[in-house]
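Order of the sequence lines fixes the chain letters, A, B, ..., with proteins taken first and strands second; residue numbering starts at 1 for each chain.
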Amino acid sequence: MAKITYVEHDGTEHTIEVKNGMSVMEGAIKNNVPGIVADCGGACACATCHVYVDAAWEGKTGEKSAMEESMLDFAENVEDSSRLSCQIKVSDALDGLVVRMPESQH
Amino acid sequence: MAEVQAPDLNSRVVIVGAGHAGGSAAAFLRQYGHTGPIVLVGDEPLAPYQRPPLSKAWLKGEADAESLSLKPAEWYEENDCRLILGASGTALNRGARQVTLSNGATLDYDYLVIASGARARMLPIPGAGLAGVMALRTAADAETLKAALGPGKRLAIVGGGYVGLEVAASARALGAEVVILEREPRVLARVACEALSRFFTDYHEARGVTFELSAGVEAFEGANGKVTGVKLSDGRVLPCDAVIVGIGAIPNDEMAKAAGLECVNGVVVDVEARTADPAIFAIGDVTHRPLPTYGRMFRLESVPNALEQAKQVACALVGRPGPHPEVPWFWSDQYDLKLQIAGISFDADRVLLRGDPATAKFAVFHLQGDLVRAVEAVNAPPEFMMGRKLIEHRTPVNVDKLADPTISMKEVAA
Ligand SMILES: Cc1cc2nc3c(=O)[nH]c(=O)nc-3n(C[C@H](O)[C@H](O)[C@H](O)COP(=O)(O)OP(=O)(O)OC[C@H]3O[C@@H](n4cnc5c(N)ncnc54)[C@H](O)[C@@H]3O)c2cc1C
Ligand code: FES
């Protein structure tokens, strides 16, 4: 279980307990948090689950796969801290994680 | 086009069909601040769930029921969304704004959303009713299929479309023997170009799948009520323990049709997902919808389409501007392949191959002059992502650059 804070682009925060094994994307979708769309349901095929991970967490969220890198390379509003939230698996180590959302997912 | 009168956030919304589109519409309505009652009626016993994993991760045992569901069970109660499951909408009284359900109940609505999806087309041939002959549309179908798979089991798949090919890949992963029977001379004949068909056929063959192309399926043979083989028009009988029929889907538009709503291979809607009756919307696989990018009406069967229209109806009902129109897109996972398709090859006059299929990393572009109309990308996210943008913005491309995979997709615009 990890408490994750999802911050919408306008600053609205949603703090949610997400079960281990779920992805950060699923934590948002299952709780109807706006701002993460997840067209492909986690198949790493759409890049509509884009988030910015706070720098302090970068080591703990795991490495990006080549597929994720490649999808992000062509997504909108990408920064160094960009991740596809469906590719981050939740574990106790992510308790307190903060992710921010881009202005738009399309 | 009908305009929403001053939006009434307290209006009563009834959604018929509790699938991906219907469930998402309910969620977006709440997300966008709709406060009125929402009733979601579904004829399956389950709350809304995702179908794509049924032929992929779920079939291989890599996803559980919880991960399939759109929202956790308690979400509906917490969000004042009444779920009526195991009942179908049977009749519509538009004058009285009332839907009748199969359990005899009637529901009054201010707005009705038809989200009844599509059902698998079956083969009207002898033996179609034998146990072991099935389609894959629902979680219940997927349970039955999974139970029939395993090492040494023989699966015959009638129809070489995406779902058929995905099931073949998953069944091979579970150790089953697989034969795909396709009426056309190539798989994916209706939905993909020849280069892609050939690539997928080779890839599956190399992983033990057998193909019978240009095959006439005449009957299913059985013993004791259970399927034992598929009889072909050339007289051969291919023995099998189970059959998946994957030959397309038919929109569940009967209730709308009976109520006098226009249907053309699906319920006709506008860009807000509204029918000609301003109180009735339709979304998802059941709709015949405008595709602004192509200036055409079409019926799509995809999750992105279901989500886009779910947003359209939610926006229309709460009085928000509608979502930005999307280029239709789709994905498919088979073995270690990720196929991503954007656009539809309407009006394309040329097919361009970028990359070498032998490397299992390439893309096929469908061009109309120097405009990209569609792209099919295998393990090639840049081609898919950039292709989608080029289609959306109608950006002309430099065709020579596009054909050269050493030139980045960021540099192909003319
Ligand atoms: C095996 C499989 C794999 C797929 N893979 C992909 C993929 O990789 N990518 C992708 O984009 N799409 C994929 N799809 C397609 C995608 O799942 C559909 O496009 C999507 O589910 C459409 O949503 P919908 O709500 O319109 O229809 P559905 O999800 O089918 O929901 C409609 C619901 O309404 C119910 N219903 C019908 N009539 C009535 C009635 N009169 N009253 C009450 N309820 C009724 C149905 O039983 C069903 O539960 C796949 C589909 C299948 C079956
Ligand atoms: S949900 Fe589609 S890429 Fe993450």
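- For B/L307, the part lying near chain A is the side chain, with the backbone staying farther off; criterion is any non-hydrogen pair under 4.5 Å.
- In terms of modelled atom types and a separation under 3.5 Å, the side chain of A/K30 and the main chain of B/S69 share a donor-acceptor contact.
- The NZ atom of A/K19 lies 3.5 Å from the CD atom of B/E66; values are rounded to the nearest 0.5 Å.
- Looking at B/S67, the atoms closer than 4.5 Å to chain A (heavy atoms on both sides) sit in the backbone and in the side chain alike.
- Smallest separation of non-hydrogen atoms from B/R30 and A/N32: CB-ND2, 4.3 Å.
- A salt bridge links A/E76 with B/K389: at least one charged nitrogen is closer than 4.0 Å to a carboxylate oxygen.
- When the shell of 6.0 Å around CD of B/E77 is examined, it contains 12 or fewer heavy atoms from other residues, nucleotides or ligands.
- Between the B/K56 side chain and the A/A43 main chain, no donor and acceptor come within less than 3.5 Å of each other.
- For B/Y32, no part sits under 4.5 Å from any heavy atom of chain A, backbone or side chain.
- Here the closest heavy-atom approach between residue A/D39 and residue B/E326 is recorded as OD2-OE1, 3.8 Å.
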Side chain to side chain contact (heavy atoms under 4.5 Å, CB included) evaluation trace for A/C40 with B/W329: CA-CA 10 Å; A/C40 78; B/W329 80 277; 3.9 Å; yes

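- Contact annotation for B/P382: both backbone and side-chain heavy atoms come within less than 4.5 Å of a heavy atom of chain A.
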Step-by-step side chain to side chain contact (heavy atoms under 4.5 Å, CB included) determination, A/I29 to B/K71: CA-CA 7 Å; A/I29 292 292; B/K71 296 283 181 260; 3.9 Å; yes

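- With a threshold of 4.5 angstrom between heavy atoms, B/S24 does not approach chain A through any atom at all.
- Within the 4.5 angstrom heavy-atom criterion, no atom of A/A66 approaches chain B.
- Counting only heavy atoms from C-beta outward, the side chains of A/F74 and B/K410 approach each other to under 4.5 Å.
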Side chain to side chain contact (heavy atoms under 4.5 Å, CB included) between A/D73 and B/M409, intermediate numbers included: CA-CA 11 Å; A/D73 200 19; B/M409 280 303 293; over 6 Å; no

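- Shown here is B/D356, whose CG atom has more than 12 heavy atoms of other residues, nucleotides or ligands within 6.0 Å.
- Summarising the geometry of A/A45 relative to B/K338, their closest heavy-atom pair is CB-CD, 4.0 Å, with the distance given to 0.1 Å.
- For the side-chain contact (heavy atoms from CB on, under 4.5 Å) test with B/P381, the passing option among A/M67, A/E68, A/E69 is A/M67; the others fail.
- Only the side chain of B/Q50 comes within contact range of chain A, judged by heavy atoms closer than 4.5 Å.
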